[in-house]
Structures are given as C-alpha cells and as structure tokens.
Amino acid sequence: WSLYEKPVMFLEEKFHDLVFSAYNTSNLPKEGAEWPGYFMAGAQLSMQMNGAGDAERCLRRDYCTPLGGFNSYGTVVAPAKNQKLFMVAAQIDSNALFHDRVYGLNADASGVIATLLAANILATYVADASKAKLLADQNKNIMFNFFDGEAFGYIGSSAIASRMRDGKYPNDNATINFEDIA
C-alpha cells in the first residue's frame with residue numbers, strides 16, 4: 001500500500017454490504033433526478049495501531065518491531081557445550097495483507113503440530129531417566145526449533161544462524177556451532 005501512500009483495508013462481506021448500501025442510498029440520484037455534483041454521504045475508516053498511532057511512529061520510537069514475533073526452541077535433554085545435535089525445525093508464521101485472512105496458515109500449523117508431536121513422543125521416551133542419561137552420555141541431543149519470520153525472507157532462521165555464528169545460541173553457557181549439527 002505504500003505505493004499509493006494510502007492505507008488498504010479489508011471489509012468483511014457483511015460490512016461491505018452495509019457500507020455500500022448506505023452509500024448508494026444517500027449518494028445515487030433518485031430516478032429522474034440529476035446528480036448534484038457532490039456526495040451526500042461518505043465513510044471514514046480508521047485502523048488501530050497498538051503502541052504509537054501509526055506504523056512509522058511505532059517503529060521510530062522502537063515500540064514495536066516489523067514482525068513482533070520470537071523464535072522458540074526446546075531440547076530433549078539440557079543443552080551442553082560441544083554436544084552433537086539433531087535439529088528439527090518448523091515455521092510458525094505465514095503472511096497476508098490482512099491478519100484474519102492468512103490462508104497459508106494451515107501449512108504452517110501442520111508443520112508445528114508434527115514438530116510438537118515428535119517432541120512429545122521423544123519426551124515420553126526419555127522420561128525414563130536411564131534413556132535420558134544414555135543420550136546425555138553420548139553427548140547427543142535433539143533440538144526442536146520454531147522459527148518466526150520465515151515468510152518474510154527467513155528472518156527467524158537467519159537470526160538463529162547469526163547467533164550461532166557469534167557463539168550465542170541457545171545461550172552463553174551452552175552454545176551450538178554449525179559443525180555440531182547432524
């Protein structure tokens with residue numbers, strides 16, 4: 001919408017019909033009458049911008065981020081330095097111009113559900129302390145990652161890769177190097 005320097009809005013069908021019915025009733029000339037050259041009724045639409053009033057001000061004041069999301073992760077056993085790691089990842093976002101019309105969401109939800117199911121099954125398996133110890137003793141682990149911003153140029157996974165390169169993922173006490181990933 002920045003091309004036109006005007007906001008773009010989506011009206012659900014019931015509101016669309018209401019707005020255009022009122023517009024037509026007030027503005028279309030009656031049969032046999034001439035149009036007066038101006039409109040008698042109009043509509044003013046506004047958008048709620050949490051944080052600052054509009055997106056430009058919100059970003060400038062650093063109240064919000066362009067996406068506002070976070071990556072998440074979990075491991076089967078506690079992460080440790082120089083641990084061999086098998087990484088399972090899913091995208092947790094989709095994109096659309098209107099937040100309530102994100103049709104790609106089903107694809108993302110299925111990946112998240114499959115990843116959560118795999119994590120649940122493995123968590124049940126390693127709930128037995130001897131199996132968890134076996135995994136830890138072999139210096140191996142399984143990490144489940146959920147990346148946000150993937151629909152916008154792989155922002156989430158790129159951020160994780162950058163933190164890994166800098167030795168700060170998942171935290172300063174247990175960093176993961178690229179060569180540790182199986």
Could you go step by step and tell me if Asn145 and Met143 meet the side-chain contact (heavy atoms from CB on, under 4.5 Å) rule? CA-CA 6 Å; Asn145 285 281; Met143 176 179 272; 3.4 Å; yes
Run Gln83 and Asn141 through side-chain contact (heavy atoms from CB on, under 4.5 Å) and show every step you take. CA-CA 7 Å; Gln83 207 173 40; Asn141 204 346; 3.1 Å; yes
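For Leu122, the side chain to side chain contact (heavy atoms under 4.5 Å, CB included) test picks out Val76, Ile142, Phe144, with sequence neighbours left out. In terms of the ring pair (Phe, Tyr, Trp, His ring centres under 6.0 Å) criterion, residue partners of Phe20 (sequence neighbours excluded) are, by chain and number, His16. In terms of the side chain to side chain donor-acceptor pair (under 3.5 Å) criterion, residue partners of Ser162 (sequence neighbours excluded) are, by chain and number, Arg165. Thr75 meets the side chain to side chain donor-acceptor pair (under 3.5 Å) test with no other residue; sequence neighbours excluded.
Side-chain atoms of Arg163 come within 3.5 Å of backbone atoms of Lys168 as a donor-acceptor pair (strictly under, hydrogens ignored).
The two residues Val112 and Gln91 have their closest heavy-atom pair at CG2-O, 3.6 Å. The heavy-atom pair separating Asn71 from Gly156 by the smallest distance is ND2-O, 3.1 Å.
Under a hydrophobic clustering in which Ile, Leu, Val, Met, Phe, Trp and Tyr are joined whenever their side-chain heavy atoms come within less than 4.5 Å, directly or via other members, Leu18 and Tyr23 fall into different clusters. Residues Val88 and Ile113 do not share a hydrophobic cluster, clusters being chains of Ile/Leu/Val/Met/Phe/Trp/Tyr side chains in contact below 4.5 Å.
Heavy atoms from other residues, nucleotides or ligands lying under 6.0 Å from CD of Gln138 number more than 12.
Here Tyr154 sits alone; no ILVMFWY side chain lies under 4.5 Å from its own, so it joins no hydrophobic cluster.
Applying the salt bridge (Lys or Arg N to Asp or Glu O under 4.0 Å) test to residues at least two apart or on different chains, the pairs with a partner in residues 137-146 are Lys133-Asp137.
Atom CD1 of Ile160 is separated from atom CD1 of Ile155 by 12.5 Å, given to the nearest 0.5 angstrom. The line from CG of Asn24 to CG of Asp17 is 10.5 Å long, rounded to the nearest 0.5 Å.
A heavy-atom distance below 4.5 Å is not found between the side chains of Phe147 and Ile92.
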